[in-house]
Amino acid sequence: MIKITFPDGTKKEYKKGISSLEIAEEISPKLAKEVYAASVNGEIRDLSRPIDTDANLKLHKWDDEEARHAFWHSSAHLMAEALEAIYPGIKFGIGPAIENGFYYDVDPGDGRAITEADLPAIENKMKEFAAQNQSFIRKDVSKKEAMDLFTSKGDEYKTELISELEDGTISLYTSGNFVDLCRGPHLPSTEPIKAIKLTSVAGAYWRGDEKRRMLTRIYGITYPKQKMLDEYLVFLEEAKRRDHRRIGKELELFTFSPKVGMGLPLWLPKGSDVRQHLIDFLTKILKKRGYKIVTTPHIGNVNLYKVSGHFEKYGASSFQPMSTPQEGEQFMLKPMNCPHHCEIYNATPHSYKELPLRMAEFGTVYRYEQSGELHGLTRVRSFTQDDAHHFCRPDQLREEFKSIIDLILYIFKILNFNDFTAQISLRDPDNKEKYIGTDENWERAEQDIISAAGDKNLKTTVVPGEAAFYGPKLDFMVRDAIGRKWQLGTIQVDYNLPERFDLTYNGSDNQKHRPVMIHRTVFGSMERFVAVLIENTAGKLPLWLAPEKAVILPISDKFNDYALKILEILNNSDICTLIDDRSEKIGKKIRDNELKRIPYLLIVGEKEAENGSVSVRKQGEGDKGSMKIEEFVNFINSEIKKEIEI
RNA sequence: GCCGAUGUAGCUCAGUUGGCCAGAGCAGCUGAUUUGUAAUCUGCAGGUCGGGGGUUCGAAUCCCUUCAUCGGCUCCA
C-alpha cells in the first residue's frame, strides 16, 4: 500500500501502482471526467501513469494551467496525426501547448504547401480521430531506439532534437497511428477533445533561427465543450473590435499614409489632443519630482553614436547616415536620446551635492524596424519616448531606482493598468560579446536592479538575454486586446555610457568621480502607450484624456440658440464641447454620439432652456438627470480632478 | 527581412466558372420633418476594383511585378 496526500492535507491509502485517474475515479466518477493531468510530488504527469510510492497528489481540472497544457499538447499530437494522414511523409518540428491552444511546426515537403484553405479538412480529420477515442500510450525508449525510429521516417527535425537529448530520458507517445517524441504529459485518450478549431498558419524558422529553414506553423485551439470554443471565438471577435488600429481610425485619432511612409504615424487633431493631455500630465508630475526638462535635436553627428556604441551595434540596421553637402559630415537620425543627454550633462561641471540630476525629454526618435514587424502604433519607425536619465552617485542608485518604480506604479494606477507584469532583463551569460562594458559593471548593475525590485516587493520574472546592450533593465509589460505583451515602462541601470562619455562629478574629496546613469520611461512611447490605452478602454477614454468632453444635443432646431449659448460657456470654461445641431431625432443623435465615445451628452429642450440647465447623459450609463450649467461645469472639473489625483 | 493571406466608394462588405454602363448598407450632400434619451423619410453624389505590365475579342475576376495591410517567425537601443 502507498499513502497519498491531497492538497487539503487529507491522506488516504491505495494499492501500489494505482494511477491518478483511478484515484480520481474512486473519489467520484464525475471528478475523473473533469481532470486532465496530475502533479505527483510536484511533478506533472500523465493521469494514467502508475504511482509506486507515497506521494503528494494534485489532480488538475481545466482551471489549472497544467490541465489545459496537457489538453492542448495532446491536441497538437492529434493534429499531427491528422496531418500525417492527409500529407504522407510530412515532417514534424516541435508542437507545444501555448497560452491559448497549441501549434505544430511542420515541413510538408518540397512543392507542398499548407494554407488556411486546407485547415477545415485537417480539422475534420482531427474530429474523426478524436471520436475514435484513441489512447495516448507512453513508452520510455533508449536514444538509439528513438534515433532509429525517426531516421527510418526520414524526419531530420526530430533526429536533431533527439541527438541533443540524454539517453535514458527519452519517451515516445503513440496515439492511433502516430508516434511522437514527447516528454508529455498527455490526456489518457483523445476522448475529451470535443471542440476543435484551427486558427491560422504562419511561417516559423526552425528553432527560431532565421538562417535555417522556414517551417509551416499551424495554430489551433480545442476545448472539452463546443460552448467553450464558441465563447472563445466570440471573445476573439470582441478583442478585434477593441483593436487600436480600428478604433484609431473610427475615432479619428491617428492615421498612416503610404506616401509619408510605413510605420510613420500621423496624429490627427483628436489623437494629438489625447497625446498632449498625457504629456502635460506627466510633465507636471516630473517637475514636482525634481526633473529638469530638456530638448535636443532629431539628428546627431555619427561620432556621437560611435562613442555611445549605438553605431557599432545598430549602425548597419539603422536608417543610414545623411551627409552635409559641402563637408560631407555624417549625421544620423536620433535612435535614442541618451547620448544627447550625456552631452548636456557634460556641458556644465557637477558637484556631488547636486546629484541626483534628473533630465527628462519627450524625445522623438527614429529606428529602422523591419517592415514585417510594424504594427499599428505599437511598433513604428518614428516615436516619442517619455525619456529621462538620472545621473547619480553610486550610493544614491538604489533609492533613485526605487523612486522610479514608485513613479511608474503611481502612473499605472491612475490609468487603471492593473494587469501588468514586471520583468527583469539580464545579460545572456553565454553571449557576453553582444554587450558593452566590463563584467564587474554588469554584475553590479544586475544586482542593483534585483535588490531594488526586491526592496519594493515587486513580483518579477527574470529573463536572461533580454538586457539592453549597455545595461540590464526592469521592464513593465502590458497586454493588448489579443493578449500580446508590449513593453511600456522600463528602468535601466547603466555604468557604461558614463564611462564612454567620460561623465564626472566632483566629490566631497575634491576628486573626479564617475556617476551612474539610469535610463527610464514610464509610458515607453506616446504611440505605444496610447495604443494600449485605447485597447484597454475600448476607446472609452477617461474624461481627463478624452479629446472632447461633451456634446450638446438640442431636441429640435428651436433650441439651437440656447445650445449655442451653453456651448460658449462650456468652451470658455475649458471643457471642450461640441454641438450636434442636425435636424435629427434625439434618439439618433444620442446613438451617433455614444458611438463616438464622447463622455457626456447634454440634451437640451424646452425645460432646460427655461431654467438654464442641461439634461446629462453619461456615455455608456444613460440618463443622469438635469443640472444647472454652472453645476455641470463644476461637476466636470471635479470629476477630472478625481481621475488624476489618487 | 522571411512564410502565408488580403487589397472593390470615407467605413463595412456583395460581385457565380472572365461577358451588358461595378452593387448594397452606413457616413456625406439635397429636400421634407421639429422631434425628449441608442437608427425619420426623399433624392443626389461618390470607385482608373491598391499601382504598373501582360494574356484575351473582352479582366475586379487569370498570370507577372510592385506598393500597402493582416497573421505569425526573426528582430526590438
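Source: prediction; values computed, not measured. Atoms considered below: every heavy atom in the structure, side chains included; atoms not considered: hydrogens, waters and symmetry mates. Proteins get letters first, then strands, A, B, ... in listed order; numbering begins at 1 in each.
- Distance A:Glu594 CD to B:rC26 P: 21 Å, rounded to the nearest Å.
- Considering only residues two or more places apart in sequence or on other chains, A:Asp480 meets the salt bridge (Lys or Arg N to Asp or Glu O under 4.0 Å) condition with A:Arg484.
- In this structure, CG of A:Asp243 is placed 14 Å from P of B:rU69, rounded to the nearest angstrom.
- To the nearest whole angstrom, the two C1' atoms, one in B:rU30 and one in B:rA45, are 10 Å apart.
- Taking the centre of each ring, A:Tyr366 and A:Phe319 stay at or above the 6.0 Å mark.
- For the pair A:Glu210 CD and B:rC2 P, the computed distance is 11 Å after rounding to whole Å.
- Rounded to the nearest Å, the gap between the P atom of B:rC63 and that of B:rG18 is 11 Å.
- Counting any heavy atom pair closer than 4.0 Å across all strands shown, A:Ser371 reaches a base atom.
- Listed by chain and number, the residues in a salt bridge (Lys or Arg N to Asp or Glu O under 4.0 Å) with A:Arg207 are A:Glu160, A:Glu164 (sequence neighbours excluded).
- Across B:rU61 and B:rG15, the matching P atoms stand 15 Å from one another, rounded to whole Å.
- One N or O donor and one acceptor, one from the side chain of A:Arg379 and one from the base of B:rC76, sit under 3.5 Å apart.
- Evaluation of atom-type donor-acceptor distances gives no pair under 3.5 Å for the side chain of A:Tyr368 against the base of B:rG1.
- To the nearest angstrom, C1' of B:rA27 lies 9 Å from CG of A:Asp592.
- A:Ala204 comes within 4.0 angstrom of the backbone, heavy atoms only, and of no base.
- Under the side chain to side chain contact (heavy atoms under 4.5 Å, CB included) criterion, A:Lys91 pairs with A:Asp107, A:Asp155, A:Glu156, A:Tyr157, not counting sequence neighbours.
- Comparing the same atom, P, in B:rC64 and in B:rU55 gives a spacing of 15 Å after rounding to whole Å.
- Checking A:Gln423 against A:Thr460 by side-chain atom types alone, no donor-acceptor pair falls below 3.5 Å.
- Between the side chain of A:Glu116 and the base of B:rA5 there is no donor-acceptor pair of N/O atoms closer than 3.5 Å.
- Using a 4.0 Å heavy-atom distance criterion, A:Met214 is classed as a base contact.
- Taking the six-membered ring for Trp and the full ring otherwise, A:Tyr435 and A:Tyr470 have centroids separated by 6.0 Å or more.
- For B:rC76, neither phosphate oxygen OP1 nor OP2 lies less than 4.0 angstrom from any side-chain nitrogen or oxygen of A:Arg367.
- Within residues 300-312 of chain A, the residues that have a heavy atom under 4.0 Å from RNA chain B are, in order of number, A:His310.
- For B:rU69, the OP1/OP2 oxygens have no side-chain nitrogen or oxygen of A:Arg246 closer than 4.0 Å.
- In this structure, A:Phe256 reaches neither bases nor backbone, as no heavy-atom distance under 4.0 Å exists between it and the strands shown.
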5' to 3', nucleotides 28-35 of chain B under a 4.0 Å protein heavy-atom cut-off (B base, S sugar-phosphate only, - none) gives -----BBB
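- Legend: residues meeting side chain to side chain contact (heavy atoms under 4.5 Å, CB included) with A:Asp580, ordered by chain and number and at least two apart, are A:Val551, A:Leu553, A:Arg582, A:Lys589, A:Asn593.
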Kindly list each side-chain donor-acceptor pair under 3.5 angstrom involving residues 600-610 of chain A, sequence neighbours excluded, with atom names and distances?
residue, atom, partner, partner atom, Å
A:Glu608, OE1, A:Gly605, N, 2.9

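- With no hydrogens or angles considered, no side-chain donor-acceptor pair links A:Gln320 and A:Tyr368 at under 3.5 Å.
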Listing, residues 248-265 of chain A side-chain donor-acceptor contacts under 3.5 Å, not counting sequence neighbours, or none:
residue, atom, partner, partner atom, Å
A:Glu250, OE1, A:Arg597, NH1, 3.1
A:Ser257, OG, A:Lys259, N, 3.0
A:Ser257, OG, A:Val260, N, 3.3

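- Remark: A:Arg217 is positioned above the aromatic ring of A:Tyr103, its terminal NZ or CZ atom under 6.0 angstrom from the ring centre and at most 45 degrees off the axis.
- Side-chain contact of A:Thr521 with A:Asp387: a donor-acceptor pair under 3.5 Å is absent, judged by distance alone.
- With rounding to whole Å, A:Asp105 atom CG is found 19 Å from B:rC2 atom P.
- Distances from the side chain of A:Met262 to the nucleotides B:rC76, B:rA38, B:rU69 place B:rU69 closest.
- For RNA chain B, the stems formed by at least three consecutive Watson-Crick or G-U pairs, with both atom-pair distances below 3.5 Å, span B:1-7 with B:67-73, B:10-13 with B:23-26, B:50-54 with B:62-66.
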Name the atoms and distances for all side-chain donor-acceptor pairs under 3.5 Å in residues 618-626 of chain A, with sequence neighbours left out.
residue, atom, partner, partner atom, Å
A:Glu621, OE1, A:Lys624, NZ, 2.9
A:Asp623, OD1, A:Gly625, N, 3.0

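- Between A:Arg484 and B:rG72 there is a side-chain N or O to OP1 or OP2 distance below 4.0 Å.
- The side-chain tip of A:Arg528 does not point at the ring of A:Phe523 from less than 6.0 angstrom away and within 45° of straight on.
- Remark: P of B:rA5 and CG of A:Leu198 are 17 Å apart, rounded to the nearest angstrom.
- Using P as the reference atom, B:rC67 and B:rG51 are 15 Å apart when rounded to the nearest Å.
- Aromatic ring centroids of A:His310 and A:Phe469 lie under 6.0 Å apart.
- B:rU6 and B:rG25 have their P atoms separated by 28 Å, given to the nearest Å.
- To the nearest angstrom, P of B:rA68 lies 15 Å from CG of A:Leu266.
- Comparing B:rU42 with B:rC57, their P atoms sit 47 Å apart, to the nearest whole Å.
- The interatomic distance linking A:Lys249 (NZ) with B:rA9 (C1') rounds to 14 Å, in whole Å.
- Projected onto RNA chain B by closest heavy-atom contact, A:Asp623 and A:His375 fall at different nucleotides, the more 5' of which corresponds to A:Asp623.
- RNA chain B is contacted by A:Gly605, A:Glu606, A:Lys607, A:Glu608, A:Ser615, A:Arg617 of residues 605-621 of chain A, taking any non-hydrogen atom closer than 4.0 Å.
- Comparing the C1' positions of B:rG46 and B:rG19 gives an interatomic distance of 26 Å, to the nearest angstrom.
- Using a 4.0 Å heavy-atom distance criterion, A:Arg381 is classed as making no nucleic acid contact.
- In terms of position on RNA chain B, the residue among A:Ser200 and A:Phe469 whose nearest nucleotide sits closer to the 5' end is A:Ser200.
- Using a 4.0 Å heavy-atom cutoff across all strands shown, A:Tyr103 reaches no nucleic acid atom at all.
- Applying the side-chain hydrogen bond (donor to acceptor under 3.5 Å, both in side chains) criterion to A:Asn303, with sequence neighbours excluded, gives A:Asn301.
- A salt bridge does not link A:Glu535 to A:Arg479: none of the charged side-chain nitrogens sits closer than 4.0 Å to a carboxylate oxygen.
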